[in-house]
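The structure appears right after this line, and notes come after that.
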2 protein chains.
Amino acid sequence: MPAPARTSTTAVVTAGRTIVEREGLAGLTMQAVADAVGVRAPSLYKRVRDRAALVRLIADDLAAELADQLDLAATTGDPVLDLRAVASAFRAFAHANPTAYPLLFDPRPGPSPEALDRSSAAVLAVAAALAGEDRALPAARTFVAWATGFVSMELAGAFQLGGEVEEAWEYGVSLMAESLRPQATD
Amino acid sequence: MPAPARTSTTAVVTAGRTIVEREGLAGLTMQAVADAVGVRAPSLYKRVRDRAALVRLIADDLAAELADQLDLAATTGDPVLDLRAVASAFRAFAHANPTAYPLLFDPRPGPSPEALDRSSAAVLAVAAALAGEDRALPAARTFVAWATGFVSMELAGAFQLGGEVEEAWEYGVSLMAESLRPQATD
DNA sequence: ACCTGAACACCGTTCAAGT
DNA sequence: ACCTGAACACCGTTCAAGT
């Protein structure tokens, strides 16, 4: 006499991600998720330990999708073009998921380290090609720091002083592409 | 027969900021703030419109203090040294306020635009000296994007792959100092 | 094995009543 | 003018009882 499963963890995570994107993190109530998957709120606890765990799963889902997009972007083999492509793909992903995107970098819940690692693989590869193997890690971190910082500020509306956001992005991309070389730091 | 004020907006904001720093944003309950200032929770609504407004005031308080620190840091007149000093001061501020710091850049509440502007004044001045007046804005945005991104990732623990965080910071600071020049982007 | 209603503790907020 | 207790709606979570 077992009761048939009326939902699944993936359905819960997908519904949760949609809600976060539409209503913000504050709108992610267990009630709203339960309604979306057609179940009562207490049943969700058969799928996720608690709300915090659900947020982490959503962050993992985002990180996995971002990793796919970045892998797809770096394909030419030319380090400078690949760097520009990765940067554009990253920014496009953030623009496509403006509300949920901060989950990727907020300390609070944060995706699992493994999920983040997968996302950084493409960047590490480009950084190695551009800056050299021995400088790959600091070069990648500098690039990722700039890209995440830029997009976060852009989405937060911190650039309202002047409309030339595209100019600032292009300036930064060019600076990264031209400066991420071994001799640039000595 | 007026009742004497038993607290003040600044006391509420200060107490709130302490609580955020100690317990995280989730620990910032109206109850906890009320306890800290010695009043009942409903009385707080004579000082702040609601919890969201309190969070914004805390963010403003942080932004003002950060602006002070950055102004204090850029004093040598040498653009490269000033840039390094501003970068260090920014990072030191974040390390001193690791839990509350994200409030400065989170879209959710965010400090008022004016408070943010004051914080960026010192950076804009250094960027103008370094990159030239006509490139000051994109140069400042690139620098701020890198610095905020780096510190956010550092505080979020996203750098756990290798302990060489200092190396990555030094690499980034040097890259910024050497690359934020007009010819670097053409 | 999963689902549910009922219940609990907690939280933000409002408001009438006090001084 | 500010403070308070009481009350409301809402939320996360637990659990015994159903199938």
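Quick caveat: nothing in here was measured; it's all calculated off a predicted structure. Here is the naming used below: chain letters follow the sequence lines, and residue numbers restart at 1 for every chain. Note: hydrogens, waters and symmetry copies are ignored here, and every other heavy atom, side chains too, is used.
- Using a 4.0 Å cut-off, some side-chain N or O of A/Ser43 falls inside it from OP1 or OP2 of C/dT4.
- The nearest pair of heavy atoms linking B/Met176 to B/Leu130 is O-CD2, 4.4 Å.
- Residue pairs meeting the ring-ring contact (aromatic ring centres under 6.0 Å, His included) criterion with at least one member in residues 103-134 of chain B, sequence neighbours excluded: B/Tyr101-B/Phe105.
- Every stem involving DNA chain D, taken as at least 3 paired positions in a row under the Watson-Crick or G-U wobble test at 3.5 Å, is listed here: C:4-8 with D:12-16, C:12-16 with D:4-8.
- With sequence neighbours left out, B/Phe93 forms a ring pair (Phe, Tyr, Trp, His ring centres under 6.0 Å) with no residue at all.
- If you check residues 7-23 of chain B against DNA chain C, you find no residue with a heavy atom closer than 4.0 Å.
- When the side chain to side chain contact (heavy atoms under 4.5 Å, CB included) test is applied to B/Pro42, the partners found at least two apart in sequence or on another chain are B/Arg40.
- B/Pro111 approaches B/Leu104 most closely through the heavy-atom pair CD-O, 3.4 Å.
- Considering all non-hydrogen atoms of both residues, B/Ala87 and B/Trp169 come closest at O-CZ2, 3.5 Å.
- In terms of modelled atom types and a separation under 3.5 Å, the side chain of B/Thr148 and the main chain of B/Ala145 share a donor-acceptor contact.
- When rounded to the nearest whole Å, the span between NZ of B/Lys46 and P of D/dC2 equals 7 Å.
- Contact annotation: B/Arg47 side-chain N/O to D/dC3 OP1/OP2 distance is under 4.0 Å.
- For C/dG5, the OP1/OP2 oxygens have a side-chain nitrogen or oxygen of A/Arg40 closer than 4.0 Å.
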A correct 5'-to-3' footprint of nucleotides 12-17 of chain D, with B, S and - meaning base, sugar-phosphate only and no protein heavy atom under 4.0 Å, is SBBB--
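- Counting all heavy atoms, side chain and backbone alike, B/Arg17 lies closest to B/Asn97 at NH2-OD1, 3.3 Å.
- At least one donor-acceptor pair closer than 3.5 Å links the side chain of A/Asp82 to the backbone N or O of A/Thr75.
- At least one side-chain heavy atom of A/Asp71 sits under 4.5 Å from a side-chain heavy atom of A/Arg118.
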